[in-house]
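For reference, positions follow the sequence shown, starting with 1.
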Amino acid sequence: MTIQECYASFGGDFDDVRRRIPKDELVQRFALKFLDDKSYENLQAGLENDDMDQAFRAAHSLKGVSQNLSFHKLGVSASALTEELRHWESAPVDKARCGELFQQVAADYEAVTAAIKQL
């Protein structure tokens with residue numbers, strides 16, 4: 001599988017990432033490094049342990065990395081969860097809604113990581 005095919009398989013925007021990272025080899029290297037990123041695991045742990053600070057920081061980090069690498073679907077779902085968690089200090093968190101949003105993040109994350117593992 002090429003890096004372009006990888007991006008196509010999970011709905012990534014390869015043309016967009018190439019505007020920031022001009023070489024296919026570098027895009028592939030950064031995509032492979034994404035597998036080492038702990039944001040998803042930290043997000044999951046934060047939600048499971050009702051640690052909204054950890055969950056917010058991890059969702060925000062996952063959103064940023066996804067947007068920088070043009071993992072479009074994952075960036076959108078991580079952004080939605082980030083916004084749901086944004087005011088956790090001043091307002092109660094809708095845990096049911098966070099659970100729904102996390103399910104979409106999980107599905108998008110699995111699609112991205114499964115494709116990257118095939119490189």
Side-chain angles (χ1 to χ4, degrees):
M1 174 183 290
T2 67
I3 188 66
Q4 295 90 343
E5 292 167 335
C6 177
Y7 266 72
S9 73
F10 61 77
D13 189 339
F14 189 74
D15 292 335
D16 184 56
V17 76
R18 278 298 306 274
R19 283 190 276 282
R20 282 187 301 285
I21 305 172
K23 293 185 178 185
D24 291 1
E25 297 80 21
L26 286 175
V27 174
Q28 183 167 331
R29 185 183 314 163
F30 285 118
L32 289 167
K33 291 287 288 172
F34 178 76
L35 297 175
D36 297 330
D37 185 86
K38 299 297 181 203
S39 299
Y40 177 79
E41 290 86 1
N42 292 337
L43 170 59
Q44 188 173 27
L47 292 173
E48 287 174 358
N49 297 321
D50 288 329
D51 184 341
M52 294 306 131
D53 181 47
Q54 178 183 8
F56 172 74
R57 285 184 288 115
H60 194 273
S61 178
L62 185 60
K63 174 188 84 165
V65 171
S66 298
Q67 289 175 340
N68 284 334
L69 291 174
S70 299
F71 298 164
H72 180 70
K73 289 181 181 180
L74 181 56
V76 168
S77 61
S79 179
L81 183 53
T82 299
E83 293 311 310
E84 187 66 32
L85 293 166
R86 181 168 299 281
H87 301 289
W88 67 271
E89 290 179 303
S90 60
V93 172
D94 183 343
K95 292 181 184 178
R97 179 72 179 137
C98 286
E100 293 169 8
L101 292 170
F102 178 74
Q103 291 305 313
Q104 186 60 56
V105 169
D108 295 339
Y109 180 83
E110 177 59 32
V112 169
T113 57
I116 292 171
K117 288 175 184 176
Q118 293 181 17
L119 284 174

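- The CZ atom of Phe56 lies 8.5 Å from the NE2 atom of His87; values are rounded to the nearest 0.5 Å.
- The cluster map of Ile, Leu, Val, Met, Phe, Trp and Tyr, joined by side-chain heavy atoms under 4.5 Å apart, puts Tyr7 and Val76 in different clusters.
- Going from atom NE2 of His60 over to atom CD of Glu83 covers 7.5 Å, rounded to the nearest 0.5 Å.
- Nearest heavy atoms, Ser61 versus Ser39: OG-OG, 3.0 Å.
- Here the CG-OG1 distance, from Asp24 to Thr2, works out to 8.0 Å after rounding to the nearest 0.5 Å.
- Under a 4.0 Å N-O distance rule, the pair Arg57/Asp53 qualifies as a salt bridge.
- Rounded to the nearest 0.5 Å, atoms CG (Leu81) and CG (Leu62) are 9.0 Å apart.
- The heavy-atom pair separating Val65 from Asp37 by the smallest distance is CG2-OD1, 4.2 Å.
- Considering only heavy atoms from C-beta on, Asp108 stays 4.5 Å or farther from Phe71 through its side chain.
- Put simply, the side chain of Gln67 reaches to within 4.5 Å of the side chain of Lys63, judged on heavy atoms.
- In this structure, the separation between CD1 on Ile3 and CG on Leu119 is 4.5 Å, given to the nearest 0.5 Å.
- A salt bridge links Arg19 to Asp16: one of the charged nitrogens lies within less than 4.0 Å of a carboxylate oxygen.
- Side-chain contact between Thr113 and Phe34 is present, with heavy atoms from C-beta onward closer than 4.5 Å.
- Between Tyr40 and Tyr109, the angle of the ring planes stays under 30°, which puts this pair in the parallel group of the 30/60° scheme.
- Between Leu101 and Ala80 the shortest heavy-atom distance is CD1-O, 3.8 Å.
- Contact detail for Pro22 and Arg20: the closest heavy-atom pair is CD-O, 3.7 Å.
- Within a 6.0 Å sphere centred on CZ of Phe30, other residues, nucleotides and ligands contribute 12 heavy atoms or fewer.
- Arg29 CZ: 12 or fewer foreign heavy atoms inside a 6.0 Å radius.
- Note that CD of Glu48 and CZ of Phe102 are 7.0 Å apart. Values are rounded to the nearest 0.5 Å.
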